Structures are given as C-alpha cells and as structure tokens.
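As a basis for the values below, the full set of heavy atoms in this structure was taken, side chains included, without hydrogen atoms, waters or symmetry mates. As the structure is a computational prediction, the values presented were derived from the model and not from experiment. Whatever order the structure lists ligands and atoms in, that order sets their numbers, starting from 1.
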Amino acid sequence: MTLATYAVRQQDQVIGLQAVQHAIADACARAGRDPQSVTLIAASKTVAADVIESAISAGHRVFGENRVQEARTKWPSVRSKFAGTQLHLIGPLQTNKVSEAVTLFDVIHSVDRPRLCEALSRHCDAQGRQPTLFVQVNTGAEPQKAGVLPGEADRFLAACADVYGLRITGLMCIPPASEPAEPHFQLLAKIAARNGLRFLSMGMSADFAAAIEFGATHVRVGRAIFGARERGAT
Ligand SMILES: *Cc1c(COP(=O)(O)O)cnc(C)c1O
C-alpha cells in the first residue's frame, strides 16, 4: 500500500469507527442505557494488520477474529507494538486449536460442546490463563451453524460449571440471515437472564442498534467499520 492510500484507508477506519460509536450512543439513549455498558468489538477478520493498526492508533482497543490461524499470523506483531488491546475469538473453535486459542485470546465467544469444555478446562489450567468465556447458542437451530440448541442451553451451562469447572459469563448468538433478528436477541436475553449471566454478545453491522435495545453488552461489528469484505471471505 502506498503512503497516500494508507492515509485514505486510515481516515476511512476513523470515520467508520466514529459512525458506529455514535450509532451505539444513540441506541443506548433510546434504550435508556449507559453507553459504557456496551463494548464494541471491531470484527477484523480479513482486515490487514496495517489497517487494524490504524484503528488502534485512532483509539480503538477491542477486536474480534473468527479464525485462530488468521489471528496467529496478524496479532502477535500488532500486540507487540500497542499496549492494552483485547482480542476476542468470535468464530467456532476446533478442539485441536484450543491451546493456541487460550494463548492468543482474552475472550472466547464460541463454547458449545462438551469436548471443547474439556479441552478448555485442561489448557486453561496448564497455561494458568483464564479467558472470559461465552456460550454460543444456535437460536435459529440452523444445522450448519455452531452453538448449543436453545432447549439444551440450561443443561449445557450447568455442565460447564459442574462437570468442567468453567466460569461462563455470557451468551452469544448469530441469528439466521434470512429472518428478523429481534426474536433471536430476545430469546438469547431470556436464556441469559434465567441462568444469571451478565453478558450478551449479539448484533453485527446490520442490526447492532436493535441488539442494544434487547440488552447486548457486546456488539461485533465488521463491515460498518472496515468496509465490505471481499466476496467469498467469511
Ligand atoms: C464477521 C463477523 C461479525 C461481523 O459481521 P459484520 O456483518 O461485518 O458486521 C460478527 N460476528 C461474527 C461471528 C463474525 O464472524
């Protein structure tokens, strides 16, 4: 990237971030919520490290990646240059990547099956690290999507604590693309409330304002900050 295009990209990120921050503040005002109660996770999958660094230079610190491999190639060098960044794993986690995920990430949003719980418990103990954990709920019961089914969430959450000794602090969902998101946000909030969980990771570029009305504490926003991803990128 030339210096001139870099400057333009850098300005784009600042504008994207500011626009999303304003929209979050507006949604909080409408919902009578404190804007500090909502964490903006900048979903930086497919975004190059220099662009991420420009967002950090603009003051942002919280980012989400959906693949362990991609995070491994981009983040160690970024983190060596900037203090205070917080990295969230927002995509599915394979058991053979748990050790690396526990090393790389501060927050994992995709806990969803017993074998993963067992591996997390083991590697957290081994590394003496305790990432913040969310359980992903497949609110639309979509066969291709990760997450526990809504009807199994209570039992799974109990097993996380009782069988695996994992402290779960929140729930995450990705509503079906073809449906209104609100009923899914409402369902996730209901499951969290009855299980005494504080955090709700829900809402993306298209619907984060609605998610805030339903109690989102973490919104995961990519395209509205960084622009459209290339076709074929997830
Ligand atoms: C990419 C991604 C997002 C952000 O999606 P946008 O539509 O770009 O805002 C949120 N959550 C997950 C799990 C993602 O993979």
Side-chain angles (χ1 to χ4, degrees), residues 9 12-13 15-24 26-27 38-49 51-52 55 60 62-75 86-94 97 101 104-113 116 131-148 170-182 184-185 187-189 192 199-234:
R9 298 284 311 251
D12 285 347
Q13 266 67 73
I15 291 167
L17 267 171
Q18 285 175 343
V20 172
Q21 277 157 351
H22 282 135
I24 289 173
D26 286 349
V38 179
T39 299
L40 169 59
I41 302 168
S44 53
K45 62 187 177 203
T46 80
V47 175
V51 177
I52 291 173
H60 198 73
V62 186
F63 294 85
E65 291 284 343
N66 69 334
R67 286 167 200 242
V68 175
Q69 305 95 297
E70 187 180 340
R72 173 210 303 150
T73 63
K74 292 194 306 200
W75 279 91
Q86 194 184 81
L87 193 58
H88 294 238
L89 177 63
I90 59 178
L93 177 56
Q94 295 168 266
K97 300 219 166 63
L104 280 168
F105 292 96
D106 304 294
V107 185
I108 296 173
H109 290 237
S110 47
V111 179
D112 69 349
R113 57 200 191 279
L116 182 54
T132 299
L133 301 176
F134 288 70
V135 163
Q136 181 172 353
V137 181
N138 185 358
T139 56
E142 295 170 279
Q144 81 285 8
K145 206 166 264 177
V148 297
L171 299 180
M172 179 269 229
C173 77
I174 307 171
S178 57
E179 291 178 25
E182 286 83 352
H184 296 273
F185 296 153
L187 174 60
L188 198 71
F199 290 156
L200 285 170
S201 167
M202 56 190 198
M204 319 202 321
S205 290
D207 52 24
F208 65 87
I212 288 169
E213 281 178 48
F214 287 95
T217 59
H218 294 71
V219 293
R220 312 176 308 265
V221 180
R223 287 168 298 167
I225 295 172
F226 297 109
R229 287 180 291 276
E230 277 175 35
R231 235 208 282 238
T234 50

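Less than 4.0 angstrom separates some heavy atom of Ile174 from each of these atoms of ligand 1: 13 (C). Set against the non-hydrogen atoms of Arg223, the atoms of ligand 1 under 4.0 Å away are 6 (P), 7 (O), 8 (O), 9 (O). Numbered from 1 in the order shown, with element, the atoms of ligand 1 that lie under 4.0 Å from a heavy atom of Val221 read 9 (O). Near Gly222, meaning under 4.0 Å from any of its heavy atoms, are these atoms of ligand 1: 4 (C), 6 (P), 8 (O), 9 (O).
The aromatic rings of Phe199 and Phe134 sit parallel to each other, their planes meeting at less than 30°, with 60° as the upper class boundary.
A salt bridge does not link Arg67 to Glu70: none of the charged side-chain nitrogens sits closer than 4.0 Å to a carboxylate oxygen.
The parts of Ser205 lying near ligand 1 are both backbone and side chain, judged by heavy-atom distances below 4.0 Å.
One option in Lys45, Arg220, Met204 has a heavy atom closer to atom 14 (C) of ligand 1 than any other, and that option is Lys45.
Each of His88, Lys74, Glu65 was scored for a side chain to side chain donor-acceptor pair (under 3.5 Å) with Ser44, with one residue passing: Glu65. None of Arg220, His60, Met204 except one satisfies the side-chain contact (heavy atoms from CB on, under 4.5 Å) rule with Ile41; the exception is Arg220.
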Margin query: As a quick check of understanding, evaluate side-chain hydrogen bond (donor to acceptor under 3.5 Å, both in side chains) for His109 and Gln136, giving each step before the final call.
Written below: CA-CA 6 Å; His109 290 237; Gln136 181 172 353; over 6 Å; no
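Side chain to side chain, His218 and Ser201 fail the donor-acceptor criterion of an N or O pair below 3.5 Å.
Residue contact annotation: Arg229 has a non-hydrogen atom under 4.0 Å from ligand 1.
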